[in-house]
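Encoded as C-alpha coordinates, the structure appears first; notes follow it.
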Amino acid sequence: MSKVTPSTFIFKGLYNWYLQQPVSFFRSKIDSDYDFGLLMFIQKYVDFSYTPHIDNSMLMALTYDYRREEKLTSKTYLRLFNIYFEEVIKSDRRKGIASGYKLKDEYLKEIYQYIYNDFLESKSNLFEFYEINRNKCTKKVLYKTKNGYVDTKKQAQEIENLNRHSVDTLETKQLLILNKSIKRKPYKTDFHIPKGYQKEKVFINKEHLINLLATNEVKNSQEAMLYLSILVKHNLFPYVIYKKGDTGRLNSVTKINEKHYPILTNYQGIKKIYRANIFKGFYEYDINTAAPVILSQLYERTHKKKLKAINHYIENKTESRKKWAKLLFGEDEKANIKRIKSILTALFFGASLEEDYKLGEKTKRLFMKGKEKEELDNLKESRSFFTLLYEVDKLYSSLADDYLPIRKGMKSKLVTNEMGISKPFTAKEKNKAIAHIYQGYEVKILLALFDKFKDNVALLLHDAIFTNIKLDIDEIEKIAFDASGFNVKYEEDII
(Lines give C-alpha, C1' and ligand atoms only; values in the text may rest on other atoms or scores of the structure.)
Protein backbone atom coordinates (compact mmCIF):
# COMPACT_ATOMS: atom_id res chain seq x y z
CA MET A 1 0.00 0.00 0.00
CA SER A 2 1.30 3.45 -0.91
CA LYS A 3 2.71 5.66 1.85
CA VAL A 4 1.80 8.94 0.19
CA THR A 5 2.34 11.95 2.46
CA PRO A 6 -1.05 13.73 2.76
CA SER A 7 0.17 17.00 4.26
CA THR A 8 3.35 18.64 5.52
CA PHE A 9 4.64 21.79 7.18
CA ILE A 10 6.83 24.20 5.23
CA PHE A 11 8.47 27.49 6.17
CA LYS A 12 6.17 30.47 5.71
CA GLY A 13 9.03 32.04 3.76
CA LEU A 14 9.17 29.03 1.43
CA TYR A 15 5.45 29.38 0.70
CA ASN A 16 5.94 33.08 -0.03
CA TRP A 17 8.74 32.16 -2.46
CA TYR A 18 6.40 29.62 -4.08
CA LEU A 19 3.93 32.42 -4.88
CA GLN A 20 6.60 34.16 -6.98
CA GLN A 21 7.08 31.24 -9.35
CA PRO A 22 5.85 31.51 -12.97
CA VAL A 23 2.34 30.64 -14.08
CA SER A 24 3.61 27.44 -15.72
CA PHE A 25 4.65 26.22 -12.29
CA PHE A 26 1.17 24.84 -11.59
CA ARG A 27 -1.27 24.37 -14.45
CA SER A 28 -4.12 22.14 -13.27
CA LYS A 29 -5.54 20.37 -10.24
CA ILE A 30 -3.84 17.19 -11.43
CA ASP A 31 -0.51 19.00 -10.93
CA SER A 32 -1.19 19.74 -7.25
CA ASP A 33 0.70 16.53 -6.40
CA TYR A 34 3.71 17.91 -8.22
CA ASP A 35 3.71 21.27 -6.47
CA PHE A 36 3.27 19.53 -3.15
CA GLY A 37 6.08 17.06 -3.87
CA LEU A 38 8.46 19.79 -4.95
CA LEU A 39 7.80 21.97 -1.90
CA MET A 40 8.07 18.95 0.41
CA PHE A 41 11.48 18.07 -1.05
CA ILE A 42 12.70 21.68 -0.89
CA GLN A 43 11.62 21.88 2.77
CA LYS A 44 13.49 18.66 3.58
CA TYR A 45 16.52 19.94 1.68
CA VAL A 46 16.61 23.31 3.46
CA ASP A 47 15.93 21.66 6.83
CA PHE A 48 18.92 19.34 6.58
CA SER A 49 21.31 21.32 4.38
CA TYR A 50 22.61 23.45 7.24
CA THR A 51 24.69 20.63 8.71
CA PRO A 52 27.96 21.79 7.13
CA HIS A 53 30.15 19.40 9.12
CA ILE A 54 28.91 16.47 7.03
CA ASP A 55 30.51 15.74 3.66
CA ASN A 56 28.04 16.33 0.82
CA SER A 57 25.52 17.74 3.32
CA MET A 58 24.18 19.92 0.51
CA LEU A 59 23.10 16.81 -1.38
CA MET A 60 19.72 15.15 -0.92
CA ALA A 61 19.55 11.44 -1.65
CA LEU A 62 16.41 10.57 -3.58
CA THR A 63 15.57 7.00 -4.55
CA TYR A 64 13.15 5.89 -7.23
CA ASP A 65 11.28 3.77 -4.64
CA TYR A 66 10.64 6.85 -2.50
CA ARG A 67 9.39 8.88 -5.47
CA ARG A 68 7.15 5.94 -6.43
CA GLU A 69 5.66 5.86 -2.92
CA GLU A 70 4.97 9.57 -3.20
CA LYS A 71 3.52 9.17 -6.74
CA LEU A 72 6.18 11.49 -8.15
CA THR A 73 7.64 9.47 -11.03
CA SER A 74 5.99 11.05 -14.08
CA LYS A 75 7.93 12.94 -16.75
CA THR A 76 5.82 16.03 -15.99
CA TYR A 77 6.96 16.02 -12.37
CA LEU A 78 10.59 15.33 -13.26
CA ARG A 79 10.61 18.30 -15.66
CA LEU A 80 9.40 20.51 -12.81
CA PHE A 81 11.85 18.97 -10.31
CA ASN A 82 14.80 19.42 -12.66
CA ILE A 83 14.08 23.14 -13.01
CA TYR A 84 15.04 23.59 -9.35
CA PHE A 85 17.37 20.67 -8.57
CA GLU A 86 20.47 19.36 -10.31
CA GLU A 87 21.71 15.77 -10.11
CA VAL A 88 25.26 15.72 -8.71
CA ILE A 89 25.60 12.00 -7.95
CA LYS A 90 24.27 9.46 -10.44
CA SER A 91 22.34 6.51 -9.06
CA ASP A 92 23.80 3.01 -9.31
CA ARG A 93 21.45 0.26 -8.22
CA ARG A 94 24.15 -2.41 -8.34
CA LYS A 95 26.22 -0.47 -5.83
CA GLY A 96 23.20 0.65 -3.82
CA ILE A 97 23.84 4.34 -4.57
CA ALA A 98 20.86 6.70 -4.78
CA SER A 99 20.84 9.84 -6.89
CA GLY A 100 22.21 12.87 -5.04
CA TYR A 101 20.49 16.17 -5.79
CA LYS A 102 21.46 19.75 -5.02
CA LEU A 103 19.05 22.68 -4.96
CA LYS A 104 20.38 25.14 -7.52
CA ASP A 105 22.24 28.04 -5.94
CA GLU A 106 20.01 30.78 -7.31
CA TYR A 107 16.91 29.19 -5.79
CA LEU A 108 18.60 28.42 -2.46
CA LYS A 109 19.57 32.11 -2.18
CA GLU A 110 16.05 33.26 -3.02
CA ILE A 111 14.44 30.86 -0.54
CA TYR A 112 16.86 31.77 2.25
CA GLN A 113 16.06 35.48 1.74
CA TYR A 114 12.31 34.83 2.05
CA ILE A 115 12.82 32.72 5.19
CA TYR A 116 15.08 35.38 6.69
CA ASN A 117 12.59 38.17 5.90
CA ASP A 118 9.84 36.16 7.57
CA PHE A 119 12.09 35.66 10.62
CA LEU A 120 12.55 39.44 10.90
CA GLU A 121 8.84 40.17 10.43
CA SER A 122 7.69 37.56 12.96
CA LYS A 123 8.94 39.70 15.91
CA SER A 124 9.18 36.49 17.93
CA ASN A 125 12.60 35.39 16.67
CA LEU A 126 11.06 32.11 15.59
CA PHE A 127 10.28 30.41 12.29
CA GLU A 128 6.64 30.40 11.19
CA PHE A 129 5.19 27.48 9.25
CA TYR A 130 2.25 26.84 6.96
CA GLU A 131 0.63 23.46 6.60
CA ILE A 132 -0.02 22.45 2.99
CA ASN A 133 -2.16 19.56 1.79
CA ARG A 134 -1.45 17.46 -1.29
CA ASN A 135 -5.02 17.64 -2.61
CA LYS A 136 -6.21 21.08 -1.53
CA CYS A 137 -5.69 23.87 -4.03
CA THR A 138 -7.53 27.02 -5.14
CA LYS A 139 -7.40 29.33 -8.13
CA LYS A 140 -6.38 32.70 -6.73
CA VAL A 141 -5.57 36.23 -7.82
CA LEU A 142 -2.10 37.24 -6.63
CA TYR A 143 -1.20 40.90 -6.16
CA LYS A 144 2.26 42.19 -7.02
CA THR A 145 3.82 44.33 -4.27
CA LYS A 146 7.31 45.66 -3.56
CA ASN A 147 7.82 42.45 -1.53
CA GLY A 148 6.69 40.24 -4.40
CA TYR A 149 3.35 38.54 -5.05
CA VAL A 150 0.97 37.98 -2.13
CA ASP A 151 -2.25 35.96 -2.06
CA THR A 152 -4.59 38.34 -0.19
CA LYS A 153 -5.81 41.89 -0.80
CA LYS A 154 -5.26 42.72 2.86
CA GLN A 155 -1.56 41.83 2.67
CA ALA A 156 -1.16 43.90 -0.48
CA GLN A 157 -2.88 46.88 1.14
CA GLU A 158 -0.63 46.75 4.20
CA ILE A 159 2.59 46.38 2.20
CA GLU A 160 1.77 49.14 -0.30
CA ASN A 161 -0.20 51.33 2.15
CA LEU A 162 -3.25 51.37 -0.15
CA ASN A 163 -6.99 51.49 0.50
CA ARG A 164 -9.29 48.63 -0.51
CA HIS A 165 -10.20 50.37 -3.80
CA SER A 166 -6.75 51.46 -4.97
CA VAL A 167 -5.30 48.01 -4.31
CA ASP A 168 -7.09 46.89 -7.47
CA THR A 169 -4.67 49.00 -9.51
CA LEU A 170 -1.80 46.64 -8.65
CA GLU A 171 -0.49 44.20 -11.24
CA THR A 172 -2.00 40.75 -10.75
CA LYS A 173 -1.74 37.19 -11.96
CA GLN A 174 -4.15 34.30 -11.58
CA LEU A 175 -2.69 31.04 -10.34
CA LEU A 176 -3.90 27.67 -9.14
CA ILE A 177 -1.99 27.27 -5.88
CA LEU A 178 -1.86 24.95 -2.90
CA ASN A 179 -3.96 26.13 0.03
CA LYS A 180 -2.23 27.00 3.27
CA SER A 181 -3.39 26.92 6.86
CA ILE A 182 -1.61 29.20 9.28
CA LYS A 183 0.04 27.13 11.95
CA ARG A 184 3.26 27.28 13.90
CA LYS A 185 5.04 23.95 13.95
CA PRO A 186 6.16 23.62 17.56
CA TYR A 187 9.55 22.12 18.31
CA LYS A 188 9.32 19.63 21.14
CA THR A 189 11.36 20.91 24.08
CA ASP A 190 10.03 18.97 27.08
CA PHE A 191 11.33 15.49 26.25
CA HIS A 192 12.71 13.02 28.78
CA ILE A 193 16.51 12.80 29.22
CA PRO A 194 17.35 9.12 29.88
CA LYS A 195 20.35 7.67 31.66
CA GLY A 196 23.58 8.09 29.69
CA TYR A 197 22.54 11.53 28.42
CA GLN A 198 22.73 14.91 30.11
CA LYS A 199 21.23 18.32 29.39
CA GLU A 200 23.50 21.32 29.89
CA LYS A 201 23.23 25.05 29.26
CA VAL A 202 24.90 26.31 26.09
CA PHE A 203 25.87 29.94 25.51
CA ILE A 204 26.21 31.47 22.03
CA ASN A 205 27.01 34.97 20.76
CA LYS A 206 23.56 35.90 19.46
CA GLU A 207 24.45 39.53 18.85
CA HIS A 208 27.30 38.57 16.53
CA LEU A 209 25.16 36.14 14.53
CA ILE A 210 22.30 38.64 14.18
CA ASN A 211 24.76 41.29 13.02
CA LEU A 212 26.33 38.92 10.47
CA LEU A 213 22.93 38.20 8.97
CA ALA A 214 21.66 41.79 9.12
CA THR A 215 24.73 43.20 7.33
CA ASN A 216 24.78 40.45 4.67
CA GLU A 217 28.37 39.56 5.59
CA VAL A 218 27.55 35.88 5.08
CA LYS A 219 27.45 35.25 1.34
CA ASN A 220 26.89 31.49 1.52
CA SER A 221 23.17 30.68 1.92
CA GLN A 222 23.88 27.37 3.64
CA GLU A 223 26.04 29.09 6.26
CA ALA A 224 23.44 31.84 6.73
CA MET A 225 20.69 29.25 7.20
CA LEU A 226 22.82 27.48 9.81
CA TYR A 227 23.17 30.67 11.88
CA LEU A 228 19.49 31.52 11.48
CA SER A 229 18.47 28.02 12.58
CA ILE A 230 20.76 28.15 15.62
CA LEU A 231 19.30 31.52 16.67
CA VAL A 232 15.74 30.15 16.44
CA LYS A 233 16.53 26.90 18.24
CA HIS A 234 18.52 28.61 20.98
CA ASN A 235 15.61 30.99 21.67
CA LEU A 236 13.42 27.95 22.35
CA PHE A 237 15.96 25.54 23.86
CA PRO A 238 19.24 27.08 25.10
CA TYR A 239 20.74 23.69 25.90
CA VAL A 240 22.97 21.01 24.46
CA ILE A 241 22.39 17.29 25.00
CA TYR A 242 25.54 15.27 25.68
CA LYS A 243 25.73 11.50 25.38
CA LYS A 244 28.39 9.65 27.32
CA GLY A 245 30.67 7.80 24.90
CA ASP A 246 32.28 4.42 25.51
CA THR A 247 35.36 6.12 27.01
CA GLY A 248 33.34 8.54 29.16
CA ARG A 249 33.74 11.46 26.74
CA LEU A 250 30.65 13.66 26.35
CA ASN A 251 29.47 14.00 22.75
CA SER A 252 26.76 16.46 21.71
CA VAL A 253 23.92 14.74 19.88
CA THR A 254 20.68 15.40 17.99
CA LYS A 255 19.30 11.91 18.65
CA ILE A 256 18.23 10.35 21.94
CA ASN A 257 17.97 6.56 21.85
CA GLU A 258 17.98 6.75 18.03
CA LYS A 259 15.07 9.23 17.92
CA HIS A 260 15.88 12.51 16.17
CA TYR A 261 14.85 15.78 17.87
CA PRO A 262 14.85 18.75 15.43
CA ILE A 263 15.31 21.24 18.27
CA LEU A 264 18.77 19.82 19.11
CA THR A 265 22.02 21.10 17.62
CA ASN A 266 25.30 19.19 17.44
CA TYR A 267 27.54 22.15 18.25
CA GLN A 268 30.63 19.93 18.45
CA GLY A 269 30.10 18.69 14.90
CA ILE A 270 29.85 22.10 13.23
CA LYS A 271 32.87 23.09 11.15
CA LYS A 272 35.44 25.09 13.08
CA ILE A 273 35.13 28.17 10.84
CA TYR A 274 31.37 28.34 11.50
CA ARG A 275 31.70 27.46 15.18
CA ALA A 276 34.04 30.46 15.51
CA ASN A 277 31.13 32.78 14.65
CA ILE A 278 28.67 31.02 16.95
CA PHE A 279 31.01 31.40 19.94
CA LYS A 280 32.72 34.62 18.80
CA GLY A 281 34.60 36.39 21.60
CA PHE A 282 34.42 33.44 24.00
CA TYR A 283 37.49 31.68 25.43
CA GLU A 284 38.78 28.23 24.49
CA TYR A 285 41.02 26.26 26.85
CA ASP A 286 42.62 22.99 25.80
CA ILE A 287 45.59 20.88 26.84
CA ASN A 288 48.79 21.54 24.92
CA THR A 289 49.60 18.27 23.07
CA ALA A 290 47.26 16.31 25.35
CA ALA A 291 47.96 12.72 24.19
CA PRO A 292 51.79 12.96 24.20
CA VAL A 293 51.76 14.72 27.59
CA ILE A 294 49.44 12.29 29.38
CA LEU A 295 50.84 9.11 27.81
CA SER A 296 54.50 10.06 28.39
CA GLN A 297 53.82 10.95 32.04
CA LEU A 298 51.86 7.71 32.47
CA TYR A 299 54.89 5.81 31.13
CA GLU A 300 57.39 7.76 33.24
CA ARG A 301 55.26 7.31 36.36
CA THR A 302 55.50 3.50 36.02
CA HIS A 303 58.91 2.99 34.41
CA LYS A 304 60.87 5.87 35.98
CA LYS A 305 62.45 6.73 32.61
CA LYS A 306 62.25 9.85 30.46
CA LEU A 307 61.16 9.75 26.84
CA LYS A 308 63.50 12.40 25.44
CA ALA A 309 62.18 12.57 21.86
CA ILE A 310 58.55 12.81 22.97
CA ASN A 311 59.37 15.46 25.59
CA HIS A 312 61.33 17.42 22.97
CA TYR A 313 58.30 17.34 20.66
CA ILE A 314 56.00 18.51 23.49
CA GLU A 315 58.27 21.46 24.27
CA ASN A 316 58.94 22.34 20.60
CA LYS A 317 55.78 21.23 18.80
CA THR A 318 55.48 24.26 16.49
CA GLU A 319 59.08 24.11 15.26
CA SER A 320 58.96 20.31 14.94
CA ARG A 321 55.77 20.38 12.86
CA LYS A 322 57.18 23.03 10.51
CA LYS A 323 60.40 21.03 10.09
CA TRP A 324 58.63 17.74 9.32
CA ALA A 325 55.98 19.41 7.12
CA LYS A 326 58.79 20.37 4.70
CA LEU A 327 59.37 16.65 4.08
CA LEU A 328 55.86 16.23 2.64
CA PHE A 329 54.99 16.84 -1.00
CA GLY A 330 52.88 19.81 -1.99
CA GLU A 331 53.68 23.53 -2.08
CA ASP A 332 51.02 24.66 0.41
CA GLU A 333 52.98 25.05 3.66
CA LYS A 334 49.88 25.55 5.82
CA ALA A 335 48.20 22.47 4.35
CA ASN A 336 51.33 20.39 4.99
CA ILE A 337 51.58 21.60 8.59
CA LYS A 338 47.93 20.66 9.06
CA ARG A 339 48.64 17.22 7.57
CA ILE A 340 51.69 16.60 9.75
CA LYS A 341 49.67 17.61 12.80
CA SER A 342 47.01 15.03 11.84
CA ILE A 343 49.69 12.39 11.19
CA LEU A 344 51.18 12.99 14.65
CA THR A 345 47.73 12.84 16.25
CA ALA A 346 47.16 9.48 14.56
CA LEU A 347 50.59 8.30 15.75
CA PHE A 348 49.87 9.15 19.39
CA PHE A 349 46.52 7.40 19.13
CA GLY A 350 48.28 4.18 18.15
CA ALA A 351 48.43 4.33 14.33
CA SER A 352 51.27 2.29 12.84
CA LEU A 353 53.74 4.28 10.71
CA GLU A 354 56.32 1.53 10.36
CA GLU A 355 55.64 0.75 6.70
CA ASP A 356 53.30 2.23 4.11
CA TYR A 357 51.48 -1.08 3.57
CA LYS A 358 50.61 -1.15 7.29
CA LEU A 359 48.84 2.21 7.19
CA GLY A 360 45.19 2.08 8.16
CA GLU A 361 42.66 3.61 5.76
CA LYS A 362 42.17 6.77 7.84
CA THR A 363 45.91 7.28 8.33
CA LYS A 364 46.64 6.58 4.66
CA ARG A 365 44.34 9.45 3.65
CA LEU A 366 46.61 11.87 5.54
CA PHE A 367 49.37 11.26 3.00
CA MET A 368 49.37 12.43 -0.62
CA LYS A 369 47.47 9.96 -2.76
CA GLY A 370 49.86 7.72 -4.70
CA LYS A 371 52.84 9.14 -2.77
CA GLU A 372 52.21 7.52 0.61
CA LYS A 373 55.44 5.44 0.59
CA GLU A 374 57.63 8.33 -0.57
CA GLU A 375 56.25 10.75 2.05
CA LEU A 376 56.55 8.21 4.86
CA ASP A 377 60.11 7.34 3.80
CA ASN A 378 61.01 11.07 3.77
CA LEU A 379 59.73 11.44 7.33
CA LYS A 380 61.59 8.34 8.55
CA GLU A 381 64.83 9.65 7.05
CA SER A 382 64.59 12.53 9.52
CA ARG A 383 66.48 11.39 12.61
CA SER A 384 64.22 13.36 14.96
CA PHE A 385 61.03 11.93 13.46
CA PHE A 386 62.44 8.37 13.36
CA THR A 387 63.46 8.65 17.04
CA LEU A 388 59.97 9.89 17.90
CA LEU A 389 58.47 6.88 16.08
CA TYR A 390 60.73 4.54 18.05
CA GLU A 391 59.78 6.09 21.39
CA VAL A 392 56.05 6.06 20.68
CA ASP A 393 56.28 2.37 19.77
CA LYS A 394 58.22 1.73 22.97
CA LEU A 395 55.66 3.71 24.96
CA TYR A 396 52.73 1.72 23.56
CA SER A 397 54.47 -1.65 23.98
CA SER A 398 55.38 -0.89 27.59
CA LEU A 399 51.93 0.44 28.51
CA ALA A 400 50.34 -2.57 26.79
CA ASP A 401 52.40 -4.87 29.02
CA ASP A 402 51.23 -2.85 32.03
CA TYR A 403 47.52 -2.66 31.17
CA LEU A 404 46.94 -5.57 28.79
CA PRO A 405 48.91 -8.56 30.14
CA ILE A 406 47.30 -11.39 28.19
CA ARG A 407 48.52 -14.80 29.22
CA LYS A 408 48.53 -17.85 26.96
CA GLY A 409 45.03 -19.17 26.38
CA MET A 410 43.34 -15.81 27.09
CA LYS A 411 41.39 -14.33 24.19
CA SER A 412 41.01 -10.86 25.70
CA LYS A 413 41.54 -8.77 28.81
CA LEU A 414 39.15 -6.33 30.46
CA VAL A 415 40.73 -2.87 30.69
CA THR A 416 39.24 -0.24 33.01
CA ASN A 417 40.04 3.44 32.51
CA GLU A 418 40.05 6.25 35.04
CA MET A 419 36.32 6.88 34.50
CA GLY A 420 35.57 3.34 35.67
CA ILE A 421 34.57 2.21 32.18
CA SER A 422 35.67 -1.34 31.32
CA LYS A 423 36.11 -2.74 27.81
CA PRO A 424 37.59 -6.05 26.59
CA PHE A 425 40.62 -5.89 24.27
CA THR A 426 42.56 -8.62 22.49
CA ALA A 427 46.37 -8.70 22.26
CA LYS A 428 46.11 -7.24 18.74
CA GLU A 429 44.13 -4.28 20.09
CA LYS A 430 46.79 -2.92 22.42
CA ASN A 431 46.74 0.49 20.74
CA LYS A 432 42.98 0.77 21.22
CA ALA A 433 43.38 -0.27 24.85
CA ILE A 434 45.95 2.47 25.51
CA ALA A 435 43.75 5.05 23.78
CA HIS A 436 40.92 3.91 26.10
CA ILE A 437 43.19 4.48 29.12
CA TYR A 438 44.34 7.90 27.85
CA GLN A 439 40.82 9.14 27.08
CA GLY A 440 39.69 8.16 30.56
CA TYR A 441 42.22 10.59 32.06
CA GLU A 442 41.39 13.25 29.49
CA VAL A 443 37.68 13.03 30.31
CA LYS A 444 38.32 13.08 34.06
CA ILE A 445 40.26 16.33 33.68
CA LEU A 446 37.60 17.86 31.43
CA LEU A 447 34.75 16.97 33.81
CA ALA A 448 36.67 18.39 36.78
CA LEU A 449 36.92 21.72 34.95
CA PHE A 450 33.28 21.50 33.92
CA ASP A 451 32.16 20.95 37.52
CA LYS A 452 34.21 23.95 38.69
CA PHE A 453 33.15 26.43 35.98
CA LYS A 454 29.76 24.97 35.05
CA ASP A 455 27.88 28.28 35.13
CA ASN A 456 30.20 29.76 32.51
CA VAL A 457 30.97 26.76 30.26
CA ALA A 458 29.56 27.40 26.79
CA LEU A 459 30.57 24.03 25.30
CA LEU A 460 32.69 20.93 25.86
CA LEU A 461 34.75 19.87 22.85
CA HIS A 462 37.06 16.83 23.09
CA ASP A 463 39.72 17.93 25.63
CA ALA A 464 38.70 21.61 25.43
CA ILE A 465 36.17 23.83 27.17
CA PHE A 466 34.64 27.02 25.78
CA THR A 467 33.73 29.63 28.40
CA ASN A 468 32.04 33.02 28.27
CA ILE A 469 34.51 34.46 30.83
CA LYS A 470 38.31 34.49 31.04
CA LEU A 471 39.73 31.83 33.38
CA ASP A 472 42.98 31.70 35.34
CA ILE A 473 45.41 29.29 33.64
CA ASP A 474 47.20 28.42 36.90
CA GLU A 475 43.87 27.52 38.52
CA ILE A 476 42.90 25.35 35.53
CA GLU A 477 46.20 23.46 35.61
CA LYS A 478 45.90 22.88 39.38
CA ILE A 479 42.38 21.46 38.95
CA ALA A 480 43.69 19.19 36.17
CA PHE A 481 46.56 17.98 38.38
CA ASP A 482 44.28 17.33 41.36
CA ALA A 483 41.94 15.32 39.13
CA SER A 484 44.57 13.22 37.35
CA GLY A 485 48.02 13.59 38.90
CA PHE A 486 49.41 14.83 35.57
CA ASN A 487 51.18 18.13 34.98
CA VAL A 488 49.42 19.44 31.90
CA LYS A 489 49.77 22.86 30.31
CA TYR A 490 46.74 24.69 28.99
CA GLU A 491 46.51 27.04 26.04
CA GLU A 492 44.05 29.93 25.89
CA ASP A 493 42.54 31.18 22.66
CA ILE A 494 39.98 33.89 22.14
CA ILE A 495 37.50 32.49 19.64
Side-chain angles (χ1 to χ4, degrees), residues 11 13 46-54 57 112-113 115-127 187 189 198-242 250-254 261-287 446 449-473 475-476 490-495:
F11 290 120
V46 174
D47 251 338
F48 292 102
S49 69
Y50 45 77
T51 52
H53 54 286
I54 300 172
S57 65
Y112 162 71
Q113 198 57 55
I115 294 171
Y116 178 61
N117 290 343
D118 175 54
F119 169 78
L120 292 179
E121 291 169 9
S122 71
K123 298 179 182 179
S124 61
N125 291 329
L126 299 174
F127 289 142
Y187 286 113
T189 59
Q198 62 189 76
K199 171 182 163 185
E200 301 294 348
K201 194 86 172 174
V202 64
F203 301 95
I204 65 172
N205 191 333
K206 288 186 180 181
E207 293 75 14
H208 180 63
L209 294 182
I210 290 169
N211 185 59
L212 279 178
L213 296 175
T215 55
N216 291 318
E217 286 185 48
V218 182
K219 303 303 180 186
N220 182 294
S221 299
Q222 181 197 21
E223 182 184 353
M225 195 65 208
L226 168 70
Y227 299 149
L228 189 56
S229 169
I230 283 173
L231 284 168
V232 169
K233 290 181 181 182
H234 194 271
N235 287 333
L236 291 167
F237 192 77
Y239 302 96
V240 60
I241 301 296
Y242 293 109
L250 297 179
N251 303 308
S252 68
V253 295
T254 57
Y261 288 84
I263 190 65
L264 300 181
T265 299
N266 178 8
Y267 291 95
Q268 292 178 347
I270 294 170
K271 276 185 179 177
K272 186 176 181 179
I273 55 171
Y274 302 148
R275 202 167 53 228
N277 279 322
I278 296 165
F279 299 99
K280 182 77 172 177
F282 290 4
Y283 296 86
E284 179 179 358
Y285 298 92
D286 66 346
I287 301 172
L446 186 68
L449 296 179
F450 182 60
D451 288 342
K452 176 67 177 177
F453 304 109
K454 194 170 187 175
D455 292 340
N456 297 103
V457 171
L459 184 70
L460 301 177
L461 182 67
H462 309 315
D463 67 331
I465 58 169
F466 292 7
T467 63
N468 59 2
I469 61 168
K470 184 179 176 65
L471 303 181
D472 181 87
I473 292 288
E475 183 182 8
I476 292 174
Y490 268 84
E491 295 177 321
E492 176 191 88
D493 283 316
I494 300 176
I495 300 170

## Note on the structure
Heavy-atom nearest pair, Ile263 first then Lys233, reads O-CD, 3.5 Å
### Query
Once the angle between the rings of Phe279 and Phe282 is folded into 0 to 90°, is it parallel (under 30°), tilted (30 to 60°) or perpendicular (over 60°)?
tilted
### Spatial distance of atom CD1 (Ile241) from atom CG (Leu250) [nearest 0.5 Å]
11.5 Å
#### Entry: Validation row: Lys201, Tyr239 side chains within 4.5 angstrom (heavy atoms)
yes
### Query
Is any side-chain heavy atom of Phe127 less than 4.5 Å from a side-chain heavy atom of Leu228?
yes
### Message
So for atom NZ, which belongs to Lys206, do other residues, nucleotides or ligands contribute more than 12 heavy atoms lying within a distance under 6.0 Å?
### Response
yes
### Query
With no hydrogens and no angle check, is any side-chain donor or acceptor of Thr467 less than 3.5 Å from a backbone partner on Ile469?
yes
## Note on the structure
dist Asp451:CG -> Leu446:CG (nearest 0.5 Å) comes out at 9.5 Å
### Task
Answer yes or no for Lys199 and Tyr242: cation-pi contact, defined as NZ/CZ to six-membered ring centre under 6.0 Å and angle to ring axis within 45°.
no
#### Entry: Sole candidate of Tyr490, Tyr283, Phe453 that passes side chain to side chain contact (heavy atoms under 4.5 Å, CB included) when paired with Leu471
Phe453
### Check: Phe466 and Ile495 side chains under 4.5 Å, non-hydrogen atoms
yes
## Note on the structure
In short, Ile270 meets Arg275 closest at the heavy-atom pair O-NH1, 2.8 Å
## Note on the structure
Rounding to 0.5 Å, atoms CG (Leu213) and OH (Tyr116) come to a distance of 5.0 Å
### Query
Minimum heavy-atom separation for Val240 to Val202, with atom names?
N-CG1, 4.0 Å
### Message
Check whether Asn211 reaches the backbone of Glu207 with its side chain - one donor and one acceptor, N or O, closer than 3.5 Å.
### Response
no
### Task
First locate atom CG of Asp118, then atom CD of Gln113, and finally report the distance between them rounded to the nearest 0.5 Å.
12.0 Å
#### Entry: CD1 on Ile210 to CG on Leu231, rounded to 0.5 Å
5.5 Å
### Heavy-atom pair with the smallest gap, counting every atom of Val232 and Phe119
CG2-CE1, 3.7 Å
## Note on the structure
What one should report as the nearest heavy-atom pair of Gln268 and Asn251 is OE1-CA, 3.3 Å
### Query
Just wondering, do Leu264 and Phe237 contact through their side chains at under 4.5 Å, heavy atoms?
yes
#### Entry: Distance in Å, Gln198 CD paired with Phe450 CZ, rounded so as to fall on 0.5 Å steps
6.0 Å
### Query
Does the side chain of Tyr267 come within less than 4.5 Å of Leu461's, by heavy atoms?
no
### Message
Looking at every heavy atom in both Tyr285 and Glu492, which two are closest together, and how far apart are they?
### Response
OH-OE2, 2.7 Å
### Close side-chain approach of Glu223 and Asn277, heavy atoms under 4.5 Å
yes
